[in-house]
Trainee: 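This is the structure, below, for whatever I ask next.
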Amino acid sequence: MGWKIGTKMIHERLQPDKDTGMITQSITPAVAYAFKSADDAAAVVSGEKDGTYYGRYGNPTVRTLEKKIAAMEGAEECLGLASGMAAISTALLAFLGNGDHIIVTKDVYGGTYSFLDSLAPRFGIDVSFVDCTDTKNIARAMKQETKAVYMETPSNPRLTILDIEQISAICNEYDVSLIVDNTFMSPYLQNPLACGADIVLHSATKYLNGHGDVLAGFIAGEKTTIETMRKKFMGDLGQQLNAWDAFLIIRGLKTLVLRMRQHCINAQATARFLESHPMIEAVFYPGLESHPQHELAKKQMKRMGGIVSFEVRGGMQASKLFLDKLELAMISFSLGDTETLVQHPASMTHASIPPEKRACFGVTDGLIRLSAGLEEADDIIADLKQALDEVAAQMKILQ
Ligand SMILES: Cc1ncc(COP(=O)(O)O)c(C=O)c1O
C-alpha cells in the first residue's frame, strides 16, 4: 500500500507473531541454526537460499531491521553493524584496496577523518580531502586510481550542505561510486540514493535509535555490493550488530518521524535565538537564510535537522566556559538523543584532527555543536541565554 513514511516507519516489516499474535518484535539470541540437510546448509551459505546460518553473518531480529531500513532508504539491501564507524570502515574497505584513491569532503566526523588519515594509508589507500561545495574541486581531484567519493551532508560539525545530485553526476562521469553518510538527517529527512548516491550510511547510535543506549551502524545500497560487505568484510572482521540492540532500534524507529519533527522545530528556534545574541559570532544552521546553502538545503532535505553549530565570541576559553555554565544542556560526545547535548569539536569529537588542519575544516576554537533535544524550546533557549550572559559578564566581553 502507498503509505506515507511516518506510517511506514511503524508498519514496515511489522509482522505479528504467527503463534501468539504479539505485535512487538521478538528478540532472537541464537548464534547457531540447524538445517534439514547438508544441501540445505550449503544453499543458505552460498546465498542460493534465504536464511541465517551463523551469528557473525546475520540474525533474524537484525534482518527485520535491515529490511525496514532498506525500505526507508529505497535500497535493495541493507546491512546492520556494531557501530557507525563499523559501517563506515566496512563500506570504505569494500570499495578500496591497495593503490586506490578516494575523494573525501573536507569536513567529516572526526572518527571518519581518523580512519582515513591514519588507518587507510596502512592499507595503501590514498585520500584527498576536498571542499566539495564547489564541484569543480571534485573533478580536479579525480585520478586514474579514484574509486569513490565520500561525503556527509549536512556535515559534522559545520553543517555544510553538499549537492548530492550534482556530485553523483560527476561520479557517474568518472565511473566512481558515491558514498553518503546520512546520519544527521535520518531516512525521514533525506534519501541520498534517490538523489543518485550508490551507498548510504548511518550511525544508528544517533537519531535512528534516538535514546542514547545503543551503538549501531547501517549500510544500504545495491544487493550484490551489500552481500559482499556482509560476507567478506563484516563477517571476517566480526563487526555484526546484536539482536538486543536491533530490537531497541526497531522500537526507536516507531517514533523517529515524531522525534525528528520536534528536533527540527527546537533546532530552528535555537538557531534563531543564537543569531540574535551579541555573544555569538556565527551560526551554522541550514534552516537560516544566512546559511550559504540554504536554498539547496530546502531542495534536498525535507526539514533542516536537529543540529546547530555556532561560534562563541572569545574563542576557546569563552566556548568552554559557556559549556560549563549550561544547566539543562549536557556536555556530551553524542547527538540525536532526547536530551539537548552540546560539545566543543576542537577538543572533543574532532580532537584527532591536527590543529593546523582543523581551521581549514572550519573547526575553530570557538565552535560549539548543539544537538537539540526534545525538551521545550523555550527551556533550551533560556538555558543558552543564561550561560551566554554569564560568560559575557565573567570575561567582560560585551562591555
Ligand atoms: C556523522 C557521523 N557519522 C558517523 C559517526 C560514527 O558513529 P558511531 O559512534 O556509531 O560509530 C558519527 C558519530 O558521532 C557521526 O556524527
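We count ligands from 1, going down the list as the structure has it; atoms in each ligand are counted the same way.
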Trainee: Go through I380 and N266 one step at a time and tell me if the side-chain contact (heavy atoms from CB on, under 4.5 Å) criterion holds.
Mentor: CA-CA 8 Å; I380 300 171; N266 287 357; 3.8 Å; yes
Trainee: Hey, any chance V391 and M330 share a hydrophobic cluster, counting ILVMFWY side chains that come within less than 4.5 Å of each other, even indirectly?
Mentor: no
Trainee: So for ligand 1, is E152 a polar contact partner (N or O within less than 3.5 Å, distance only)?
Mentor: no
Trainee: Over all heavy atoms of both residues, which pair between V176 and D198 is shortest? Give the atoms and the distance, please.
Mentor: O-OD2, 4.2 Å
Trainee: Mind telling me whether F361 and Y113 have parallel, tilted or perpendicular rings, with 30° and 60° as the class edges?
Mentor: perpendicular
Trainee: With only distance considered, is L335 within less than 3.5 Å of ligand 1 through an N or O on each side?
Mentor: no
Trainee: Taking the non-hydrogen atoms of H202, is any one of them nearer than 4.0 angstrom to ligand 1?
Mentor: no
Trainee: Any nitrogen or oxygen of T112, main chain or side chain, under 3.5 Å from a nitrogen or oxygen of ligand 1?
Mentor: no
Trainee: Using 30° and 60° as the class boundaries, would you call the ring planes of H11 and W3 parallel, tilted or perpendicular?
Mentor: tilted
Trainee: Please say whether T205 places an N or O atom under 3.5 Å from an N or O atom belonging to ligand 1.
Mentor: yes
Trainee: Would you say N182's side chain and Q190's backbone share a donor-acceptor pair under 3.5 angstrom?
Mentor: yes
Trainee: Does I88 come within less than 4.0 Å of ligand 1, judged by its heavy atoms?
Mentor: yes
Trainee: With only distance considered, is L215 within less than 3.5 Å of ligand 1 through an N or O on each side?
Mentor: no
Trainee: Using a strict cut-off of 4.0 Å, indicate which atoms of ligand 1 neighbour a heavy atom of N156.
Mentor: 15 (C), 16 (O)
Trainee: Relative to each other, are the rings of Y57 and Y54 parallel, tilted or perpendicular (30° and 60° limits)?
Mentor: tilted
Trainee: Please report which non-hydrogen protein atom sits nearest to atom 6 (C) of ligand 1, along with the residue it belongs to and the distance in Å to one decimal place.
Mentor: Y109 CE2, 3.4 Å
